[in-house]
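Here the structure comes first, spelled out in structure tokens, and everything after it is commentary.
So that the names make sense, note that chain A is the first sequence line, chain B the second, and so on, each numbered from 1. Bear in mind that the values here come from a model prediction, so they are computed numbers and not experimental data.
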Number of protein chains: 2
Amino acid sequence: MARPSGSDAGVTGPRVHAAAERLFARSGYAAVSMRQIAAEVGIGAGALYHYTPDKQTLLRRLMLDHLKDLLSAWAEADPGGDPITRLDAFARFHIRFHLDRPDAVFIAYMELRSLDPDNFSAVEARRKCYEAIPETILRDGVAAGRMRLADPKVASVALIAMLTGVNTWYRDGGRLDRAAVEGIYADLAMGLVGARRGAG
Amino acid sequence: MARPSGSDAGVTGPRVHAAAERLFARSGYAAVSMRQIAAEVGIGAGALYHYTPDKQTLLRRLMLDHLKDLLSAWAEADPGGDPITRLDAFARFHIRFHLDRPDAVFIAYMELRSLDPDNFSAVEARRKCYEAIPETILRDGVAAGRMRLADPKVASVALIAMLTGVNTWYRDGGRLDRAAVEGIYADLAMGLVGARRGAG
DNA sequence: GTCTATAGGAAGATAGAC
DNA sequence: GTCTATCTTCCTATAGAC
């Protein structure tokens, strides 16, 4: 039987996080007020402080949760094996993951500067873990003679930037569906690392 | 002979724009106050309004000036000729231009959402002009059989995202100098479009 | 061209009733 | 667990003196 009033602990908390995620992504952390977040949830501004000590902690929580999800999802998706197989899997994984969570991704990339120094360090450390994934794959690929890269480090950040860019233009119902986009980017990734037959 | 006091019209105006550019890039439009901008210039907050009608117009001015510079600089740098030559020139131009103006570039990419609808339309129109440049080059390259791309449109936005990413990590005095970075990215661009001999 | 002062509003966060 | 009311601070923008 339902509680007397609008209680439901364990339900409002996630709704606060979801509302903050949506609003931060749309307007930016600094431009969103606690009152707006409360209104989106359907509670008063004062009640928000039962779910977060302050606005900054809300942002940190969103960022860290997102990066934790990202890292554990790749641990699950990583096929291992040869570098070409792993690169294909990584490119497709990155596209899928990013298209599925546009708001969280947008915040993670755009609001780093809104973090307090301590929170920034915590987030940056996890970001670096993710960036190390393609770098390892590319170094292995070069070492195995399957990829040709003057600088695997630069190539790996270039790869991530290229893949992440999908979120700036992809919309459901457009010219291409997700599977098609995934395939196109996986193919571009192969060319990027010199693992595709060229046209010379 | 110098004017009596801290006058110097035609000098404070540009300083206001420069201060706004630096601060908007560092902290974001919404997080920067007119008082901060004034303090950076060394004047009172009230005096700012002799140089801009409001904060939003300051942002629009920065964005439109940047995009005007970008488009005219490419018009100057475009070598014409065959698609491979033009792609190499475009990649190098984009890297150079972006590394030379990190603040303006950062604002142009991050603060689109801070623009009023009318200002957004004006800026977006110029952005599309720039995005059309690599798209044309890639289509010509595919038509000439010099590039291999399943989707030149997606490849061109992927290319721009990859190149623009340089601003997230490059710092003067690091492991690589600008010329080296330019060369690495130009090479990656060739691979991306399938115009480089692969390692297969 | 810059200053000080201020109008008018909205922000983050807290207190205490229910 | 949520509400209303409020404290305190900061904001954009304007007015008028010099």
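Note on residues 110-157 of chain A: pairs passing ring-ring contact (aromatic ring centres under 6.0 Å, His included), not counting sequence neighbours, are F90(A)-Y130(A), H94(A)-Y130(A). The stretch residues 54-63 of chain B participates, sequence neighbours left out, in these salt bridge (Lys or Arg N to Asp or Glu O under 4.0 Å) pairs: R61(B)-D65(B). The stretch residues 24-44 of chain A participates, sequence neighbours left out, in these salt bridge (Lys or Arg N to Asp or Glu O under 4.0 Å) pairs: R22(A)-E40(A). The salt bridge (Lys or Arg N to Asp or Glu O under 4.0 Å) pairs that include a residue from residues 70-88 of chain A are D78(A)-R86(A), D82(A)-R146(A), D88(A)-R92(A), where partners are two or more places apart or lie in different chains. For residues 125-135 of chain A, every residue pair satisfying the salt bridge (Lys or Arg N to Asp or Glu O under 4.0 Å) rule, not counting sequence neighbours, is listed here: E124(A)-R127(A), R127(A)-E131(A), E135(A)-R139(A), E135(A)-K153(A).
Using a 4.5 Å cut-off on side-chain heavy atoms (C-beta onward), Q56(A) and L115(A) make contact.
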Notebook entry, point to check: Which nucleotides of nucleotides 6-13 of chain C have their base under 4.0 Å from a protein heavy atom (B), which only their sugar-phosphate (S), and which neither (-), written as one string 5' to 3'?
Noted result: -----BBB
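Summarising the geometry, the separation between CD1 on I43(A) and P on dT4(D) is reported as 12 Å, rounded to the nearest angstrom. For the pair L48(B) CG and dC3(C) P, the computed distance is 10 Å after rounding to whole Å.
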Would you tabulate the side-chain donor-acceptor contacts of residues 102-114 of chain B under 3.5 Å, counting partners in other chains and residues two or more places apart, or write 'none'?
{"from": "Y109(B)", "atom 1": "OH", "to": "T164(B)", "atom 2": "OG1", "distance (Å)": "3.4"}
{"from": "E111(B)", "atom 1": "OE1", "to": "S114(B)", "atom 2": "OG", "distance (Å)": "2.6"}
{"from": "E111(B)", "atom 1": "OE2", "to": "R113(A)", "atom 2": "NH2", "distance (Å)": "2.8"}
{"from": "E111(B)", "atom 1": "OE2", "to": "Y29(B)", "atom 2": "N", "distance (Å)": "3.0"}
{"from": "R113(B)", "atom 1": "NH1", "to": "A25(A)", "atom 2": "O", "distance (Å)": "3.4"}
{"from": "R113(B)", "atom 1": "NH2", "to": "E111(A)", "atom 2": "OE2", "distance (Å)": "2.8"}

Under 3.5 Å, which N/O atoms of the protein pair with N/O atoms of nucleotides 16-18 of chain C?
none

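Legend: residues meeting side chain to side chain donor-acceptor pair (under 3.5 Å) with R171(A), ordered by chain and number and at least two apart, are absent.
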